[in-house]
Amino acid sequence: MSAKRTKVGIREFREDLPTILKDVKQGQEVIVTKNGKPVATIIPTLTPTLSAAGRLPRIITLGSLKGGVGKTTLSMHLAAVLAEEGQDVIVVDADEESSALRWAQHAEVAGITLPFKVRRGEHNGLIRQARDLARQGHTVVIDTPPNNREILTRASAIADLILVPVLATGMDLDRLGSTLELLEDLEASREGLQYALVMNRVDGRKSLARAAKAELEELPKLDTIIPDRTEYEKVFGMSPSELTWPRAMWNEIKDKMGAQA
């Protein structure tokens with residue numbers, strides 16, 4: 001039987017998100033509209049948590065159609081945590097703005113050696129590039145661009161794990177639906193797709209952050225929250241050193257996926 005469908009405006013969606021997500025969990029398909037036109041669809045087939053895979057993910061995609069959520073910063077810090085464990089890590093920069101590559105270039109000019117490599121993503125051959133690197137024994141972290149469904153689809157199709165950073169703002173929660181819809185479409189054709197939201201750059205003192213955490217409870221989300229710290233803002237062009245929360249995030253991933261180092 002097909003899911004029931006309902007339409008809600010953006011204002012209603014923002015104001016009553018917890019109730020709407022509960023409806024989705026119970027099988028209600030929700031179409032979000034703006035000025036009467038559909039802008040996003042939330043489909044009731046979300047995976048509640050990461051499931052045990054019994055091995056470490058070798059290809060990890062950081063993805064969101066929303067820009068400014070901290071994908072590159074989180075990619076570089078996650079790569080540093082993986083390298084800290086002795087993994088041979090390559091960050092594949094699939095973003096046209098080349099933020100990860102420029103980060104590495106700035107570090108090289110400053111005489112700083114990053115504990116991982118950064119390579120330019122081959123947009124038309126991204127799936128083959130990531131797969132080949134993983135087969136060569138590398139752990140691959142793919143940094144994706146905003147507003148590019150094609151690249152996000154490719155990077156997600158090859159990934160063992162997809163992490164979706166989300167900020168605790170009304171606009172970010174509003175824009176999350178399009179990313180989830182893309183992943184849901186991909187999940188329909190790829191059994192065992194693993195993805196989770198990561199609350200990023202969170203100021204726990206603000207009521208909006210607490211409200212956002214509550215609103216995301218019905219979605220596949222990591223418990224680890226990456227706080228809003230000046231260390232993350234100032235680290236561009238340097239080797240990531242404040243790894244407390246990225247390390248906690250990775251440990252949670254290993255625990256939930258049942259992975260052995």
Side-chain angles (χ1 to χ4, degrees), residues 2-10 12-34 37-51 60-71 74 142-202 211-226 249 253 256:
S2 60
K4 297 179 181 179
R5 310 180 77 183
T6 188
K7 292 184 179 181
V8 297
I10 281 184
E12 180 184 354
F13 179 74
R14 290 172 177 166
E15 293 176 349
D16 202 22
L17 185 56
T19 300
I20 291 171
L21 292 178
K22 288 180 181 179
D23 291 342
V24 171
K25 189 176 181 180
Q26 294 172 2
Q28 185 90 28
E29 181 174 309
V30 177
I31 301 172
V32 184
T33 63
K34 182 177 182 180
K37 297 181 179 179
V39 294
T41 304
I42 303 178
I43 303 170
T45 54
L46 291 169
T47 305
T49 60
L50 296 179
S51 59
I60 303 170
T61 289
L62 276 291
S64 174
L65 294 174
K66 173 74 171 61
V69 296
K71 291 189 293 290
L74 196 54
I142 306 178
D143 183 27
T144 62
N147 302 312
N148 192 320
R149 298 180 67 89
E150 181 180 2
I151 293 299
L152 181 54
T153 298
R154 292 176 183 175
S156 299
I158 192 63
D160 298 313
L161 173 65
I162 305 148
L163 297 177
V164 182
V166 58
L167 306 187
T169 72
M171 179 178 292
D172 280 84
L173 294 174
D174 180 46
R175 293 283 299 277
L176 184 60
S178 57
T179 299
L180 293 178
E181 182 180 9
L182 184 150
L183 294 175
E184 288 298 327
D185 287 344
L186 189 59
E187 187 179 37
S189 61
R190 180 188 161 188
E191 185 177 354
L193 186 75
Q194 299 262 38
Y195 65 93
L197 308 182
V198 182
M199 290 189 66
N200 195 28
R201 300 208 307 247
V202 174
K213 184 176 184 296
E215 290 173 358
L216 295 175
E217 283 302 323
E218 301 296 332
L219 299 174
K221 175 182 67 67
L222 295 181
D223 295 327
T224 304
I225 294 174
I226 309 299
M249 177 186 73
I253 289 168
K256 287 189 173 180

Before giving the answer on side-chain contact (heavy atoms from CB on, under 4.5 Å), spell out for Ile225 and Asn200 the whole-Å C-alpha distance, their side-chain angles and the decisive distance to 0.1 Å. CA-CA 6 Å; Ile225 294 174; Asn200 195 28; over 6 Å; no
Can you check side-chain contact (heavy atoms from CB on, under 4.5 Å) on Ile60 and Ile142, steps first, answer last? CA-CA 6 Å; Ile60 303 170; Ile142 306 178; over 6 Å; no
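- Under the side-chain hydrogen bond (donor to acceptor under 3.5 Å, both in side chains) criterion, Thr224 pairs with Glu252, not counting sequence neighbours.
- The side-chain contact (heavy atoms from CB on, under 4.5 Å) check on Ala157 picks up Ile127, Leu186, with sequence neighbours excluded.
- For the side chain to side chain contact (heavy atoms under 4.5 Å, CB included) with Val198, the qualifying choice from Ile226, Val166, Ile253 is Ile226, the only one to do so.
- The two residues Ser156 and Leu183 come nearest to each other via the heavy atoms OG-CD2, 3.8 Å.
- Taking the side chain as every heavy atom from C-beta outward, Leu163 and Leu74 never approach each other to under 4.5 Å.
- Atoms CG and OG1, from Asn148 and Thr153 in turn, are 8.5 Å apart once rounded to the nearest 0.5 Å.
- Residues meeting the side-chain contact (heavy atoms from CB on, under 4.5 Å) test with Ala159, sequence neighbours left out: Ile59, Thr61, Ile162.
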Could you pull out every donor-acceptor pair under 3.5 Å between side chains of residues 62-70 and any protein atom, sequence neighbours left out?
| residue | atom | partner | partner atom | Å |
| --- | --- | --- | --- | --- |
| Ser64 | OG | Lys66 | N | 3.1 |

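- A 4.5 Å side-chain heavy-atom check between Leu222 and Met249 finds at least one atom pair inside the cut-off.
- Inter-residue side-chain proximity for Leu176 and Val164 is flagged as met; some heavy-atom pair is nearer than 4.5 Å.
- No side-chain heavy atom of Arg149 sits less than 4.5 Å from a side-chain heavy atom of Leu152.
- Contact check for Pro146 versus Lys71: side-chain heavy atoms found under the 4.5 Å cut-off.
- When side chains are defined from C-beta on, Val8 does not count as touching Thr33, because their heavy atoms never get closer than 4.5 Å.
- Salt bridge present: Lys256 and Asp223 bring a charged side-chain N and a carboxylate O closer than 4.0 Å.
- One distance of note links CG of Leu161 with CD of Gln194; it measures 7.0 Å at 0.5 Å rounding.
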